[in-house]
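Each chain gets a letter, A, B and so on, in the order the sequences are listed, and its residues count up from 1. Only heavy atoms go into these numbers, but all of them, side chains included; no hydrogens, no water, no symmetry mates.
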There are 2 protein chains.
Amino acid sequence: MKQVTTIHDIAKKSGYSASTVSRVLNRKKHVSTETRQAIQQVIEELDYVPSDIARDLSRGKTLNIGFVLPNTKHPFFTEILTGAIDAAFKTPYHLVILPSEYDEEKEIEYLEQLRSNAYDGLIFTSHGVPLEKLAEYTKYGPIICCEDPYDVPISAVYAKRRIALTEAFTWLKEKQYNNVGFFLSREEKLSATSKETLGAYRRIFKNEPEKELVKTGVTTYKDGYQAAKEWVENGIVPEVIFSNGDDIVTGARQYYLDHNLPLPFLVGQEDQLSSQLLNISTIDYQFTEIGRQAFELVLKAEGIEKIGIPSTFIVR
Amino acid sequence: MKQVTTIHDIAKKSGYSASTVSRVLNRKKHVSTETRQAIQQVIEELDYVPSDIARDLSRGKTLNIGFVLPNTKHPFFTEILTGAIDAAFKTPYHLVILPSEYDEEKEIEYLEQLRSNAYDGLIFTSHGVPLEKLAEYTKYGPIICCEDPYDVPISAVYAKRRIALTEAFTWLKEKQYNNVGFFLSREEKLSATSKETLGAYRRIFKNEPEKELVKTGVTTYKDGYQAAKEWVENGIVPEVIFSNGDDIVTGARQYYLDHNLPLPFLVGQEDQLSSQLLNISTIDYQFTEIGRQAFELVLKAEGIEKIGIPSTFIVR
DNA sequence: TTGAAAGCGATACCAT
DNA sequence: ATGGTATCGCTTTCAA
């Protein structure tokens, strides 16, 4: 093993004890100025750096926050991550990326690691295990999730999707749009987001979306293109396409353009560059802001707190 | 402090010693099948999880790879990160995000932490301290950088920018384009990338780029917009804008469109969605691939290896 | 095959 | 103000 200089080397060479060296290291008081200087000097001479691991073990703290994310394909995850990184910049804490792929075993593993003090806290951007399970583990350390937990007792920072969804559908209704088609990533029963989207539609339009106008499993530019194609080929002509992402609806748009077909009214989500460039209406959920606040909240670690971040509908 | 069940609790309850429990935990041999089972049983009964920190301290290894990145604004960094996360998915290693903001002190801190075994390896997407300094620290553990290190003895995975740059300028020259304007992020003397870009131009065009046609400090869509504006207002009319990013050149494009001015020929970099959508020529550097390979390389940790990833010029 | 004991490198309490 | 010592939880010789 690599030979490292330890606190004891400093102690011996300086003539003081390890305890005193530790005090100097941690800028504690009860150390005379001369002692402090003498020890500092030896530290520099020997080019000594304290071991984080040993400190962690001794203190039972790590200055590490675990950041669980299923993948890096969706801007929801990468933007939350960006926000969290931004927030971590200003603190001595580090972010440890914990990939999950929605795999329950992996998630449990991370939760167990929280239990064994490997992290001072955990942020779940999304999760495969039930929210209730996450909540159970909060007794071992702060856990933040990034969705509205409703009744489940767990801290959360999440997009108040309802606000913008309501705005959007109200606007569409006023403009006399009908036949709204949906691109969703996951089925309604599996995804709270899908549920909320369709729920808002039902509330405003006061009717059930047509089955054939609801497409799930659509998550990329290509998927969007393909989905539009299928609709066109089956003679399905929505007046509006309400999509779960800017890049996705951009794909659909391209299909219509490629075939010289009239464009439906398009609504994206996430206010990314693609919708700005192409002048497509969208919903801004402020994901980076969510990431930022999630990180701040995990450090607070006092009881349960739920923070909703307002969303807005952007008409273009 | 939280009371945790330890290896000794398992030892006591099972009637065996901590050593044996440790052997079971680490799947080592020299443990009889019954003993193993008996201990496994107690582990499950007590719902025991070993402490990573204690293991790390004892072993002097962490299963953590530090990932140093200046910020999350530029796709160069976020895409490399995405690639690295992808690669980490398949391994037991974790990625620890280390924000640097090009701050030398922070970078040194991370290097020192490598020295003190806080990480098993370090990936530098970019750096403020000189490459030589990074190279010095390789004796404490594997370090990978994401640029061509030329003579400096350090492992690297980087874009072979020269290939695509040569293609691009050759193409432009053949098409009789002149008056090439540049958007760069940092000055030529500070940035290897800028140097390589202008160097390729000089090589092909056999002349010096005009001073007023080289703009530095341009890194975002807005910067691009602003830069175009300044040129227009000063009567500077490039035939080509060669930009350091798709989103950036997209900003310039917008300015010309907003003012009904003829568009210069545009070249972006990174092959992002924006250039695809707007049909802008670009250079594909395959950053996610670089991230992926950088992670794989840091785990290999045998001597110095330099891997160049080919780049391509995409004409649109 | 199993166990005892000595680290790993710090911190923190209790004396002095 | 300083030092001694136990402790954190696990790994790893070395003996038995």
ask   = Pairs in or reaching into residues 30-45 of chain A: which pass salt bridge (Lys or Arg N to Asp or Glu O under 4.0 Å), with residues at least two apart or in two chains?
value = A:Lys13-A:Glu45
Kindly list each side-chain donor-acceptor pair under 3.5 angstrom involving residues 298-307 of chain A, sequence neighbours excluded, with atom names and distances?
| residue | atom | partner | partner atom | Å |
| --- | --- | --- | --- | --- |
| A:Lys300 | NZ | A:Glu305 | OE1 | 3.1 |
| A:Lys300 | NZ | A:Glu305 | OE2 | 3.4 |
| A:Lys306 | NZ | A:Tyr150 | O | 2.8 |
| A:Lys306 | NZ | A:Val152 | O | 2.9 |

remark   = Whole-Å distance, A:Asp52 CG to C:dA10 P, equals 10 Å
request  = Taking ring-ring contact (aromatic ring centres under 6.0 Å, His included) as the test, write out the residues that go with B:Phe124, two or more places apart.
outcome  = none
ask   = Is the phosphate of D:dC8, meaning OP1 or OP2, less than 4.0 Å from a side-chain N or O of B:Ser51?
value = no
message = With no hydrogens and no angle check, just 3.5 Å: does a side-chain donor-acceptor pair link A:Asp120 and A:Thr62?
response = yes
query = Between atom CG in A:Leu57 and atom C1' in C:dT11, what is the gap in whole Å?
reply = 10 Å
note = Sorted by chain and number, sequence neighbours left out, ring-ring contact (aromatic ring centres under 6.0 Å, His included) with A:Phe295 holds for none
ask   = For B:Lys195, which residues count as a side chain to side chain donor-acceptor pair (under 3.5 Å) partner, sequence neighbours excluded?
value = none
Between B:Glu289 and B:Gln293, a side-chain donor and acceptor under 3.5 Å = yes
query = Rounded to whole angstroms, how far apart are CG on A:Asn117 and P on D:dC8?
reply = 12 Å
task = Give, ordered by number, those residues of residues 34-50 of chain A having at least one heavy-atom distance below 4.0 Å to an atom of DNA chain C; if nothing qualifies, reply none.
result = A:Tyr48, A:Pro50
request  = Using only side-chain N and O atoms of B:Thr20, determine if any of them is under 4.0 Å from OP1 or OP2 of C:dG3.
outcome  = yes
key: Heavy-atom protein contacts under 4.0 Å, nucleotides 11-16 of chain D, coded B base, S sugar-phosphate only, - none   = BB----
remark   = Hits for side chain to side chain donor-acceptor pair (under 3.5 Å) against A:Thr219, two or more places apart or cross-chain, chain-then-number order -> A:Asp223
message = In whole Å, I'd like the distance from the NZ atom of B:Lys12 to the P atom of C:dG3.
response = 15 Å
query = Taking atom C1' of D:dG3 as reference, at what distance in whole Å does atom OH of A:Tyr16 sit?
reply = 12 Å
request  = Kindly calculate the angle separating the two end axes of the helix from C:dT1-D:dA16 to C:dT16-D:dA1, each obtained from five base pairs, and round it to 10 degrees.
outcome  = 40°
request  = To the nearest Å, give me how far apart CZ (A:Arg27) and P (D:dA1) are.
outcome  = 18 Å
note = A:Glu147 meets the side chain to side chain donor-acceptor pair (under 3.5 Å) criterion, sequence neighbours left out, with A:His127
Identify all side-chain donor-acceptor contacts of residues 93-105 of chain B below 3.5 Å with residues at least two apart in sequence or on another chain.
| residue | atom | partner | partner atom | Å |
| --- | --- | --- | --- | --- |
| B:His94 | ND1 | A:Tyr119 | OH | 3.4 |
| B:Ser100 | OG | B:Tyr102 | N | 3.1 |
| B:Asp103 | OD1 | B:Glu105 | N | 2.8 |

request  = For A:His30 and C:dA15, give me the distance from atom NE2 to atom P, rounded to whole Å.
outcome  = 17 Å
inquiry  = B:Thr193: which residues meet the side chain to side chain donor-acceptor pair (under 3.5 Å) condition with it, sequence neighbours left out?
reply    = none
ask   = Which listed nucleotide (C:dA10, D:dG9, D:dT2) is nearest to the side chain of A:Thr6?
value = C:dA10
